[in-house]
Structure formats: structure tokens, C-alpha cells
Number of protein chains: 2
Amino acid sequence: MNIKTILLGLLTQKSMSGYELKKLFSISFSYFSGLSFGSIYPALKKMEQQGLINMRLEIQENAPNKKVYSITEQGKDEFQDLLKQPMQSERYRSEFLSRLFFFSHIEKEERVWLVDAYLKSIKDEKHQLDDARPQINKIADPFQRECLLFGLRMKADMVKNVEKTLKAIRKIKK
Amino acid sequence: MNIKTILLGLLTQKSMSGYELKKLFSISFSYFSGLSFGSIYPALKKMEQQGLINMRLEIQENAPNKKVYSITEQGKDEFQDLLKQPMQSERYRSEFLSRLFFFSHIEKEERVWLVDAYLKSIKDEKHQLDDARPQINKIADPFQRECLLFGLRMKADMVKNVEKTLKAIRKIKK
DNA sequence: TCGATCATGTAATTGGTTACATGATTGC
DNA sequence: GCAATCATGTAACCAATTACATGATCGA
């Protein structure tokens, strides 16, 4: 999903500035995507030119002025169209698999060490997601809750599968 | 894993031209990555300039001449270094999850239809991988066989998890 | 004769990231 | 006084894709 769709989606719920979009995004969306100001601000400018969103300058006294964007009717139509496009399952670009593919080129201890460290890091992420669960559930709608559940299941599966691979590569001599 | 590492890895096994690299890549690596000529040829040129690989022009009579690249000692060292870097688990950029996140904005039938079509497409991919299994196993080393097994397990888990999500969204009224 | 395979390459575009630049306010 | 938060933006860079350009050979 590209930045345009995401921003349209978030602006459907509430008018916001680029700064606020980034914040909201970091809370609710962080697990499966990530955006930086360097892409948000140019995207908003472009979308305004295309008539998908409107900008209103909000003068603030104790903080810098902010540009509050709201979605237009045209933007809503565009968002609907984008959501209804068929989903093609993307190639799973996995650093883990790419590395494993070339494991014959490094020493056995090195292999075990690498996979073990990787396993720790994904377990860690799973725990982080577990911890964030109540907070996310508070602001999420039913579908977003399903997102979270899906993410947790996939993380658990990932842990299981990496563990299996670790066992297997321990058995490979040489 | 970036293109440089992949090309170095493949060239460790055998000296090859860009065209041959692409072919080999498509067979053994296609499941978890993908490269086009538009990235392979410039990458090879750059790597040659950096001294990671050498080029030898092979004059052919019944086909266009080809540039056969072979890895240098410096290239081997670089490849070793790259393989030993710790793996950081990347963010899982999932179109499915991004779409699900905004599912409240489309009709129920639309949602079910979309997920159902998606489910079919990943089942299809799983079958394709299953079919390619014997062929891949023939040319793969033990670690590459583990890659395949890992991929198959993850695909199966994916199917299960999408099915669960489908059931859940069927139950959500509105 | 038409499409597939062999073979290399460039240009334009996509879709971002990171670093840089600015500057006020608030809390410790 | 220093770090964090608020707030916007540009420039340089990265890593790739797609489309375009060329052209020979071989098999059905």
C-alpha cells in the first residue's frame, strides 16, 4: 500500500496535519509499515494539487502554525477505488531466507549464532506487540483488531519456523 | 539482501554473465526475491569498477558475445563480511494487513470477496512452490533445501491465518 | 514467418529514506 | 541550560522497476 492510500485512509477518519498523521501512523500502523516526514510532506502537497485533499492553515500562538488537511469528495472516491483493487500477494522479501540460502559459505558456529540472534530479535518484537496490544485495542475498530491478531499469529508462526530451521541447521555437519 | 550480495553469492558458485545470473536467479531464488536486467547490468558494471568481480568477454559465433563475470578475492572477502552481519528482522510490509486496516470503509460483500480472492492466490502460489519442489531439491544444497521447507511452512501458515481472518470478518456485521 | 531464446544496455520513473535546515515552547 | 515536543520543508541519495532500444539465431 502506497503512501497516498494510507494518508487518504487516515484523513477519512479525521482532518490532520502532516505532523499529526505521522504520529497517528506510528501508533497504529507501525507494525506493518513506516513513513517519514520526507515522504509525508511532499505527498500531501501533491495530493492537494490533485484535488484529493484541502489545506487550511491553522494559526497557533504557542506553537508553529500548522497545515490541517481534510479529504475532499474526490479524495473519498479515489480511496474507495484503491481499496477495492484486488490484492496481489507480494513476494516475501526475507533477509532471513536470503541469508540461509548462502549459509554453506560461512562456518557452522557463525550460522547458529546468526539464526539464534535473529530468533531472539523476532521473539522480542512479538513481546513488544503483545505489550502494545491493550493500547492498540483501545483505539482500534474490529478490522484493526483483526490486523493485530493476524500480526500476532504470524509472529508466533515465524518464531516456530525459525526454531525448526535452527534445529535443522544444527544437524547439518561441515 | 541487496543485489550486490546476491550477485556475489551466485558468482561464488560459478562465473556467469548477467543474462545467466538472471536465469539462475529466477529458478532458485524466485520465491523470496526478484531481479530485473535493469538492475543487474548496472550493478555488475559498478562491482567490476570496485574490484569485486572481473569481466572476460566471451566471443560467440551463433549468439551475441557475452561478458562473463568472475568473483575476485576482494569480492569473496566482501561477501563473507556481508553474510556475517547480524540480521535485523525487517518490517513486514503487507498489502493484506494494510487493506484490512481500512476495511470499515468498504461494504461487507466487497471485503469477503477481496479476502477470498487473496486466499485463492496464496493457495495457488503454495501449489506452485509444491510443484517446483523436486526440481529445486535437485539443484539445492542442504541450506537451500531448508529455505524451501521454511517457505512452504510459512505459506501454509499464511493460508491458515488468512482463513481465520476471513471467518472473523464474515462474523462482523455492518 | 513468427515467436522464443540469447544477450546487453540506457532512460525515465517510482517510492521511498536520511540528513540537513529552521525555530519556538515547555518541562526538568 | 538542555532535551523533548511541536511543526514544516528541501536535497541528496538509494534501490529498484518498467519501458525502450538493438539485433542475431533457431525451431515450429
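Because the structure is a prediction, the values reported are computed rather than measured. Sequence lines set the chain letters: A, B, ... in the order given, protein chains first and strands last, and positions in each chain run from 1.
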**Request:** Please determine if B:Glu20 and B:Lys14 form a salt bridge, counting it only when a charged side-chain N lies under 4.0 Å from a carboxylate O.
**Result:** no
**Item:** Euclidean distance, atom CD of residue A:Glu61 to atom C1' of C:dT26 [Å, nearest integer]
**Value:** 16 Å
**Fill in**
Here the distance between atom P of D:dA7 and atom CD of A:Glu20, to the nearest Å, is 6 Å
**Complete:** note: A:Ile59, atom CD1; D:dA7, atom P; distance rounded to Å ~ 13 Å
**Message:** Regarding B:Lys123 and B:Glu163, does a basic nitrogen lie under 4.0 Å from an acidic carboxylate oxygen?
**Reply:** yes
**Message:** Would you call the rings of A:Phe96 and A:Tyr118 parallel, tilted or perpendicular, taking 30° and 60° as the class edges?
**Reply:** parallel
**Prompt:** Salt bridge or not for B:Glu48 and B:Lys45, using N-O below 4.0 Å?
**Reply:** no
**Stepwise side-chain contact (heavy atoms from CB on, under 4.5 Å) check, A:His105 with B:Phe79** = CA-CA 9 Å; A:His105 299 282; B:Phe79 181 56; 3.7 Å; yes
**Message:** Side chain of A:Gln60 only, heavy atoms from C-beta on: which candidate in D:dA7, C:dA7, C:dT8 is closest?
**Reply:** D:dA7
**Asked** A:Phe25 CZ to D:dA7 P: how many Å, rounded?
**Response** 19 Å
**Request:** Starting from P on D:dA21, measure out to CZ on B:Phe37 and report it in whole angstrom.
**Result:** 18 Å
**Message:** Both A:Met1 and A:Pro64 contact DNA chain C. Which one's nearest nucleotide lies toward the 5' end?
**Reply:** A:Met1
**Item:** Residues from residues 41-50 of chain B lying under 4.0 Å of DNA chain C - heavy atoms
**Value:** B:Tyr41, B:Lys45
**Message:** Taking any heavy-atom pair under 4.0 Å as a contact, classify B:Lys23: base, sugar-phosphate, or nothing.
**Reply:** sugar-phosphate
**Request:** Measure from the side chain of A:Tyr19, starting at C-beta and using heavy atoms only, and say which of D:dT8, D:dA16, C:dT25 lies closest.
**Result:** D:dT8
**Request:** Identify, between A:Ser36 and B:Asn65, the residue whose nearest nucleotide on DNA chain C lies closer to the 5' end.
**Result:** B:Asn65
**Request:** Take B:Leu21 and B:Leu44 through the test side-chain contact (heavy atoms from CB on, under 4.5 Å) and record every step on the way to the result.
**Result:** CA-CA 10 Å; B:Leu21 281 161; B:Leu44 287 172; 3.9 Å; yes
**Prompt:** Expressed in angstrom and rounded to an integer, what is the separation of B:Leu21 atom CG from C:dC6 atom P?
**Reply:** 14 Å
**Request:** Just compare C:dG16, D:dA16, C:dT8 and give me whichever is closest to any side-chain atom of A:Ile3.
**Result:** C:dG16
**Request:** Taking only the side-chain nitrogens and oxygens of A:Ser39, find out if one of them lies under 4.0 Å from OP1 or OP2 of C:dG15.
**Result:** no
**Request:** Give, ordered by number, those residues of residues 6-18 of chain A having at least one heavy-atom distance below 4.0 Å to an atom of DNA chain C; if nothing qualifies, reply none.
**Result:** none
**Message:** With heavy-atom distances below 4.5 Å as the criterion, would you say the side chains of B:Phe103 and B:Leu114 are in contact?
**Reply:** yes
**Request:** Indicate yes or no: does B:Lys126 engage B:Asp130 in a salt bridge with an N to O separation below 4.0 Å.
**Result:** yes
**Asked** Is the shortest distance from a Lys or Arg side-chain nitrogen in B:Arg153 or B:Asp157 to a carboxylate oxygen in the other one below 4.0 Å?
**Response** no
**Item:** Proximal nucleotide (of C:dG16, D:dA7, C:dA7) relative to the B:Ala63 side chain
**Value:** C:dA7
**Asked** Taking CG from A:Asn62 and C1' from D:dC6, how many angstroms apart are they, rounded to a whole number?
**Response** 11 Å
**Prompt:** Where the side chain of B:Lys66 is concerned, which of D:dA7, C:dT8, D:dT25 is the nearest nucleotide?
**Reply:** C:dT8
**Message:** From CG of A:Asn2 over to C1' of C:dT13, roughly how many Å is that when rounded to an integer?
**Reply:** 14 Å
**Asked** Does the ring centre of A:Phe37 sit less than 6.0 Å away from the ring centre of A:Tyr19?
**Response** yes
